[in-house]
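The structure appears below as structure tokens.
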Amino acid sequence: MPEFPTPETFSFSPSFQELAIDRTIVERDLGYRKGPPPEIVRQLIDEILPEVPLRLAIQCGFRILPPDLFSLTESGIECGDVHISTGPIIASQLKKSTTAALFVSTAGPLLEQWSHQLMAEADMMKGYLVDAIGSEVADRASEWLEKRIAERVTPRGWTITNRYCPGYCDWPVTDQQKLFSFFPPDFCGISLTPSSLMIPIKSLSGIIGLGPNVKRGAFQCSICELKDCFRRVDESELAAEQR
Amino acid sequence: MNEILESLQRCVERGKVNIKSPYPPDMKGQDGTDELARKALEAGIAPQDILSKALIVGMQKVGVRFRNKEIFVPDVLMAAKAMAAAMEHLKPFFKSDELKHKGTIVIGTVLGDLHDIGKKLVSMVIEGSGWEVVDLGTDVSPDKFLKAVDEHPGCVVGLSALLTTTMVNMEATVQHIKSKHPAVKVIIGGAPVTEEFAAKIGADYYSPDPQGAVEFLNTRCTPN
Ligand code: B1M
């Protein structure tokens, strides 16, 4: 693990309530944007949501890279002798960053286990809905963490970019090995397999640029090549939700 | 077409399992696939007609609507459940060889990858099109695929992966299978997979969705 003068990591365990996930959000995640899902799906989501907090182990955390060791390149970032090749698309979003925060978030293993158990009992529908909620939890925990990162840097007059993940645009998923090398082992209960799969599955990793002159820039979905992804969120939708 | 078969097809499309099922609300109190399959058999309709003229047609419509993004995963799951309820009545005819599957597909998520749902969904739609599915699960090694191909002569193989890092294990799997069984056809799919990648690793077909896999199976794979 690279040695830095400020090797501080911060970790949190937000509650499910803090992530503000409701049925409408889950319905959108399932693809129902133009019309409602079948009533039975709504009923099942309503049945599942109250049980979710009992089966969560949300953890998320970040580390701010020391600015004196941080630099931007055409195709990524450098910190000490570690080069992370985010690819030019994400590198351009990190433009003007003085440094960056690396982050992870997870819903923990329990929701996944519940989903597998339901499917093994032949309740595919409920299992799938639990799985979809788990994805949203991991996503929202990152969003929640982004706010904590912003709070940490605003007193210095800094702003933050959007968050970007390895595996998007030209950033190889394998770069997660480098990203995780900045965290202590098993940080937030997440481990990485040799094929760069995070365990628990409902986990996310990524980067956020920080500095006095950074712009929020494009949201990850709007720079992603997967144009017809059923979970694609456009920025107007996001803005409406945040109002 | 026979009225029972027509209703049966509609029930698959709409995910109506049985008379007790409150879903879909506009079909409340009506027979579902469970009752209709039984009634069709009692009326002397040939099991093959029940399968190919009602169930498969209904499921095919579901597959196409899913591909066109008119419906989503939960709708497909409901249709698959309705299909399965009817299939229960047809099981004895498969056992007695009166009904035959179109062929067998051995399917699994490749080594290093634990993603299950996409592959399960593909399996359900393929099963609903009249093929026998042997699901090997997730994190399946090339050896395990090969063993299953040995055990199911004439089968087709389906590989799934959700990340670029695990997608590379498809290549080793295709090579391993084809080195012993060059004629076995391999279909691949999953979010990061592309047609170019399929061509590069020597797979026979790439499908972005379950229905594409069904169409390839039905048109390009000789039943065993
Ligand atoms: C045999 O023939 C066939 C034929 C068709 C076949 C087939 C076989 N197998 C599948 N198909 C096809 O038919 C099925 C039914 O339609 C489909 O199967 P799927 O399994 O794809 O579909 C499921 C039913 C539903 N699909 C899903 O649930 C996946 C949806 C998307 C949006 C997605 C989600 C939800 C998530 N993710 Co992530 N995620 C994405 C996905 C983008 C997308 N639109 O697919 C993908 C897969 N993720 C990606 C990435 C990069 C990541 N994700 C991550 C995390 C997450 C969440 C936790 C937020 C969440 C959960 C993921 C999960 N696996 O449970 C990370 C990895 C997590 C880990 N454990 O390691 C992370 C690495 C990001 C990060 N650095 O944190 C991308 C992979 C690209 C790559 N470079 O490998 C990705 C394609 C998104 C993108 N826009 O690029 C088809 O693919």
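All chains are named by letter (A, B, ...) in the order of the sequence lines, taking the proteins before the strands, and each is independently numbered beginning at 1.
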Distance in Å, [X] [atom1] paired with [Y] [atom2], rounded so as to fall on 0.5 Å steps:
X        : Y        : atom1 : atom2 : value
B:Thr165 : A:Asp175 : OG1   : CG    : 11.5 Å
A:Ser115 : B:Asp116 : OG    : CG    : 8.5 Å
A:Arg33  : B:Lys69  : CZ    : NZ    : 11.5 Å
B:Leu163 : A:Ser195 : CG    : OG    : 8.0 Å
A:His116 : B:Thr138 : NE2   : OG1   : 7.5 Å
A:Met125 : B:Lys81  : CE    : NZ    : 7.5 Å

Counting C-beta onward and ignoring hydrogens, is there a side-chain heavy-atom pair between [X] and [Y] closer than 4.5 Å?
X        : Y        : result
B:Asp75  : A:Pro38  : yes
A:Ile199 : B:Leu114 : yes
B:Phe72  : A:Pro37  : no

Quiz item: Does atom CD of A:Glu121 have more than 12 heavy-atom neighbours from other groups under 6.0 Å away?
Solution: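 Enclosed.
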
Practice problem: Please say whether more than 12 non-hydrogen atoms of neighbouring residues, nucleotides or ligands are located less than 6.0 Å from CD in A:Glu51. | Solution: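 Enclosed.
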
Exercise. Pick one of side chain, backbone, both or neither for A:Leu30, based on which atoms fall under 4.5 Å of a heavy atom in chain B.
Key: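 Both backbone and side chain of A:Leu30 come within 4.5 Å of chain B.
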
Practice problem: Measure across B:Gly112 and A:Leu197 and return the closest heavy-atom pair with its distance rounded to 0.1 Å. | Solution: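 Looking at all heavy atoms of both residues, the closest pair is O-CD2, 3.6 Å.
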
